[in-house]
Number of protein chains: 2
Amino acid sequence: MHKPENLKNAGLKSTLPRLKVLQLFETSKERHLSAEDVYKLLVSSGEVVSLATVYRVLTQFQQAGLLMQHHFESGKSVFELNSGEHHDHIVCLQCGHVEEFFDAAIEVRQEKAAVEHDFAIRDHALYIYADCTKKNCSRGSR
Amino acid sequence: MHKPENLKNAGLKSTLPRLKVLQLFETSKERHLSAEDVYKLLVSSGEVVSLATVYRVLTQFQQAGLLMQHHFESGKSVFELNSGEHHDHIVCLQCGHVEEFFDAAIEVRQEKAAVEHDFAIRDHALYIYADCTKKNCSRGSR
DNA sequence: TCGCGAATGATAATTGTTCTCATTTGAGAA
DNA sequence: TTCTCAAATGAGAACAATTATCATTCGCGA
């Protein structure tokens, strides 16, 4: 789905590090990755990329609309492929597992709240922090 | 409203720095303050408190339930007196101004989303980022 | 008033992220 | 294909927010 063309379309020169990062997001089983995650995954799969480059590329991809950036409570921000469909997140406080959801009613009420308070809404973040029920949960990370 | 008793009730020894911080939150016109804000406000009003102590006290107050902590996109976290009534926030991306709102319907739908995904909700954060209409907006801070 | 454990101050250490700058690379020109 | 050069990268320094360390000081009960 995402190919070098995507980089060109985004006005980004097609370089090795960029292709590797993009490919990682497309193939990783974990959809939400932090800069550190990306760096470690690349290194552990034998790729040589600098952490600085990972940060730069992630930021560029986010600005180009290829990735979405989120700020969970953990302190570090995480990225995910931009599916084009807005959604919010439920984050497990124990294992860091993230699940996505969308609720039209919530979206509507948010817009309403912004309007009522005389704000021009630009973006919003809804994070639900909870305990998930994964059998392998509680390994504590992220 | 909040007095030394509150500290004792919270199991915290009533010390000067703690009283000063608590008093600052009670009297400041800005309801949402970062650690840096608190530190600077105290210093500029002639008080002598260490930044490390400010961080410690804020954390203790938050754990004691006196303060609520929020993580806006700015990167630094902000605190506010715990009113006891849950509410969400609209944050101006330009001037950092924060407004509060509450929408029962949103709360209900969030709970529903968590249940549907088999999560035991522990906490949630809903931040709407927008441009406010304050005449003195756009000074850019926080 | 004394004594001791808890709290504080000053500063070093950590963490996540950005910046600097010398070196390398990709993509078009020759 | 080779050359050219701006753009991209790597390595490490620099930064900002926050936490940890540890010697000194303080609050509070005996």
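Every chain is numbered from 1 and lettered A, B, ... according to where its sequence line falls, protein lines coming before strand lines. Both backbone and side-chain heavy atoms feed into the values below; hydrogens, waters and symmetry mates do not.
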To the nearest Å, give me how far apart [atom1] ([X]) and [atom2] ([N]) are.
| X | N | atom1 | atom2 | value |
| --- | --- | --- | --- | --- |
| B:Lys20 | D:dC26 | NZ | P | 11 Å |
| B:Leu12 | D:dC26 | CG | C1' | 16 Å |
| B:Phe79 | D:dA17 | CZ | P | 14 Å |
| A:Phe61 | D:dA8 | CZ | C1' | 12 Å |
| A:Gln60 | D:dA7 | CD | P | 13 Å |
| B:Lys76 | D:dT18 | NZ | P | 7 Å |

message: Run through DNA chain C and report every stem of 3 or more consecutive Watson-Crick or G-U pairs, distances under 3.5 Å, ordered by first number.
response: C:1-30 with D:1-30
Shortest non-hydrogen contact from [X] to [Y]?
| X | Y | value |
| --- | --- | --- |
| B:Phe102 | B:Ala104 | CE2-N, 3.7 Å |
| B:Tyr39 | B:Val49 | CE1-O, 3.1 Å |
| A:Arg31 | A:Leu81 | NH2-O, 3.0 Å |
| A:Ser77 | A:His71 | CB-CD2, 3.9 Å |
| A:Asn82 | A:Gly84 | OD1-N, 2.8 Å |

- prompt: From the 5' end of DNA chain C to its 3' end, which nucleotides mark the outer limits of contact with chain A, defined by a 4.0 Å heavy-atom distance cut-off (strictly under)?
  reply: C:dG16 to C:dA27
query: Can you name the side-chain contact (heavy atoms from CB on, under 4.5 Å) partners of A:Ser50, sequence neighbours left out?
result: A:Ala52, A:Thr53
query: Yes or no on side-chain hydrogen bond (donor to acceptor under 3.5 Å, both in side chains) for A:Glu80 and A:His87, after CA distance, side-chain angles and deciding distance?
result: CA-CA 12 Å; A:Glu80 67 176 322; A:His87 54 254; 3.0 Å; yes
- request: Scan B:His97, B:His124, B:His32 and name whichever one has a ring-ring contact (aromatic ring centres under 6.0 Å, His included) with B:His89.
  value: B:His32
query: According to a strict under-4.0 Å criterion, is A:Arg56 in side-chain N/O contact with OP1 or OP2 of D:dA8?
result: no
message: Just N and O in the side chain of A:Ser50: are any of them under 4.0 Å from OP1 or OP2 of D:dA11?
response: no
field: Check: A:Phe61 ring centre within less than 6.0 Å of A:Phe79 ring centre
entry: no
message: Once ring pair (Phe, Tyr, Trp, His ring centres under 6.0 Å) is applied, do any residues pair with B:Phe101, and if so which ones, sequence neighbours excluded?
response: none
- request: Under the salt bridge (Lys or Arg N to Asp or Glu O under 4.0 Å) rule, collect the residues that match up with A:Glu36, sequence neighbours excluded.
  value: A:Lys40
field: Residues from residues 40-48 of chain A lying under 4.0 Å of DNA chain C - heavy atoms
entry: none
5′-ward residue of the pair A:Tyr55/A:Leu16 relative to DNA chain C: A:Tyr55
message: Quick check on DNA chain C: between B:Val49 and B:Lys13, whose nearest nucleotide comes earlier from the 5' end?
response: B:Lys13
- line: The answer to which of B:Thr15 and B:Glu36 contacts DNA chain D further toward the 5' end, by nearest nucleotide, is B:Glu36
